[in-house]
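Quantities reported herein were computed from a predicted structural model and do not represent experimental measurements. Computed from heavy atoms alone, side chains included, the values below leave out hydrogens, waters and symmetry copies.
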Amino acid sequence: MTLTAPARPSPAGHPALSPAAEAVVRATAGVVAEHSETISARFYESMLGERPQLWRLFNRANQETGEQSRALAASVVAYAVQLIDPDAPSFEPVLRRIAGKHITLGITPEQYTLVGRHLLGAVGTVLGAAVTPAIAAAWDEVYWLFATQLIATEARLYAAADIDAHDPLRPYRVMRRTQESPGTVSLVLEPADGAPLPALEAGQYVTVFVDLADGARQPRQYSVSSIASDTRLQITVAQVRNGPPGQVSTHLQEAVTVGDILEVSSPAGDFGVPPGNGPLLIATAGAGITTVLPLVEHLARTQPGRTLILAHADRSRADHALLEAISIAAEALDDVVDHAWYETVDADDSTSFTGLMDFDRIEFTADTHVLSCGPLPFLRAVRLAALQRGVPPESISYEVFGPDLWSPVTVTG
């Protein structure tokens with residue numbers, strides 16, 4: 001696989017395909033999209049077969065369920081579509097999200113050559129003789145535009161955080177464990193190498209690498225669930241509720257004790273408090289609550305007068321992790337409203353609602369910036385409710401745990 005010549009710049013300053021490649025991609029995008037999940041599944045099979053050591057960078061559970069393949073397929077297709085359709089949604093938020101995760105995993109520029117070889121090889125394997133030299137060259141150009149944008153974005157993030165891409169992890173000692181709810185534990189971590197804690201921003205996450213009992217090394221991303229300390233960071237680990245128990249979450253909850261050392265990345269992510277003074281709605285469900293406390297702490301420290309609405313949905317009040325800590329932090333705010341929905345409401349609870357989150361009960365206007373975190377159906381419901389209130393799409397932010405399957409692109413042609 002070779003890097004194609006730089007493409008002509010688009011009027012907006014974003015990368016653009018060469019005219020020849022653009023015509024081919026327009027003609028073949030529908031076929032590639034139709035087979036994209038098969039292509040990406042074949043890609044992972046081929047690449048991990050050649051380089052099994054790369055398994056340590058991938059969530060085994062997401063590979064087994066196919067979520068990682070679907071996320072890659074959706075991303076590549078969405079990237080190609082925005083190259084050929086000026087009205088397509090901006091790919092920038094997705095690109096930043098991918099780059100953020102990559103720097104916490106230690107992805108390096110040279111790995112993109114390996115990825116490109118196996119990804120384009122998978123296209124040829126799945127589509128067979130239909131892939132002419134012109135088609136292969138056009139999709140090679142798409143890939144390298146995608147790759148070079150990621151490489152550049154990741155280089156800036158590595159430099160800004162002073163991270164060595166080949167050695168991105170630091171040892172952290174577990175200083176405290178707190179059982180937040182029956183299935184949720186907070187771990188307070190302190191750098192064990194004597195160096196200062198990196199700068200933390202509300203809404204960021206870190207990647208934690210663990211060595212499991214079967215010898216596998218696995219990474220997982222966890223939100224930094226408090227930024228109150230200048231010397232320690234906190235993560236909150238929730239058990240996986242749907243499907244088999246999470247391997248890493250179970251290990252962290254059952255095998256890791258105070259004094260143990262964990263390998264942790266620098267913080268990354270841009271799911272934070274938006275600039276300005278307008279009202280905010282933070283809507284979360286389940287484990288999405290782990291993003292809320294640092295956002296409230298940030299507001300209490302910097303904008304205590306900013307209007308805030310908190311809305312959370314969970315199984316029960318007992319399952320509502322970090323509830324007390326969030327309530328205490330919110331006491332510093334001048335204008336905050338709190339709503340909660342539970343599948344089961346306690347008999348003595350007269351303030352919470354039963355069932356799914358009912359957006360008609362939440363008073364917010366079109367000038368509200370909406371942040372949401374939780375399962376994908378919940379995120380879509382929040383977005384729909386916000387759009388119906390007149391909130392513009394650019395004022396709706398979300399954080400998704402695991403592969404981003406938020407908006408697969410449908411292509412016809």
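- For the residue pair E180 and T178, no side-chain donor N or O sits within less than 3.5 Å of a side-chain acceptor on the partner.
- Using a 4.0 Å cut-off between a side-chain N of Lys or Arg and a carboxylate O of Asp or Glu, R232 and E190 qualify as a salt bridge.
- At most 12 non-hydrogen atoms from other residues, nucleotides or ligands lie less than 6.0 angstrom from CD of E324.
- Counted within 6.0 Å of CG on D214, heavy atoms from surrounding residues, nucleotides or ligands total more than 12; the atom is thus considered enclosed.
- Counting heavy atoms of neighbouring residues, nucleotides and ligands inside a 6.0 Å radius, atom CZ of R217 exceeds 12 of them.
- A donor-acceptor contact shorter than 3.5 Å links the side chain of H312 to the backbone of T284.
- Using modelled atom types, one finds a donor on one side chain and an acceptor on the other under 3.5 Å when comparing T250 with Q239.
- For the residue pair T307/D335, the side-chain donor-acceptor check at 3.5 Å is satisfied.
- Judged by distance alone, with hydrogens and angles left aside, the side-chain atoms of Y79 form a donor-acceptor pair with the main-chain N or O of L145 at under 3.5 Å.
- Taking the six-membered ring where the residue is Trp, the centroids of F353 and Y342 are separated by 6.0 Å or more.
- Within a 6.0 Å sphere centred on CG of N277, other residues, nucleotides and ligands contribute 12 heavy atoms or fewer.
- By the neighbour-count criterion of 12 heavy atoms within 6.0 Å, atom CD of Q111 is densely surrounded, having more than that number from other residues, nucleotides or ligands.
- Here E50 pairs with R117 in a salt bridge; the nearest charged N to carboxylate O distance falls below 4.0 Å.
- Rounding to the nearest 0.5 Å gives a distance of 4.5 Å between CG of L17 and CG of L83.
- Between the side chain of S46 and the backbone N or O of F43, no donor-acceptor pair lies under 3.5 Å.
- Side-chain N/O atoms of H369 and S397 include a donor and acceptor closer than 3.5 Å.
- Using modelled atom types, one finds no donor on one side chain facing an acceptor on the other under 3.5 Å when comparing S225 with T290.
- For CG of L114, the number of neighbouring non-hydrogen atoms (other residues, nucleotides, ligands) closer than 6.0 Å is greater than 12.
- In the model, Q179 has no side-chain atom that pairs as donor or acceptor with a side-chain atom of R177 under 3.5 Å.
- The backbone N or O of G276 lies less than 3.5 Å from a partner atom in the side chain of R306, making a donor-acceptor pair.
- Under 3.5 Å, the side chains of T207 and T104 contain a donor-acceptor pair of N or O atoms.
- In summary, the side chains of Y398 and R380 do not present any donor paired with an acceptor at a separation below 3.5 Å, with no hydrogens or angles considered.
- Within a 6.0 Å sphere centred on CG of D193, other residues, nucleotides and ligands contribute more than 12 heavy atoms.
- Side chain of H320 to backbone of S316: no donor-acceptor contact under 3.5 angstrom is found.
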Under the criterion side chain to side chain donor-acceptor pair (under 3.5 Å), I'd like the reasoning laid out for E399 against Y205: C-alpha separation, chi angles, the key distance, then a yes or no. CA-CA 10 Å; E399 180 72 295; Y205 59 86; over 6 Å; no
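- Checking D349 against T351 by side-chain atom types alone, a donor-acceptor pair falls below 3.5 Å.
- With hydrogens and angles left out, the side-chain atoms of Q234 and Y222 include no donor and acceptor closer than 3.5 Å.
- Looking only at distances, no side-chain donor or acceptor of T368 sits under 3.5 Å from a matching main-chain atom of V370.
- Between atom CD of residue E110 and atom OH of residue Y112 there is a gap of 11.0 Å, rounded to the nearest 0.5 Å.
- Atoms CG and CG, on L384 and L379 in that order, are 12.5 Å from each other to the nearest 0.5 Å.
- E263 and Y172 form no side-chain donor-acceptor contact under 3.5 Å, judged by distance and modelled atom types alone.
- Residues A300 and A329 share a closest heavy-atom pair of CB-O, 3.9 Å.
- Ion pairing between a basic and an acidic side chain is recognised when a charged N comes within 4.0 Å of a carboxylate O; E297 and R301 show no such pairing.
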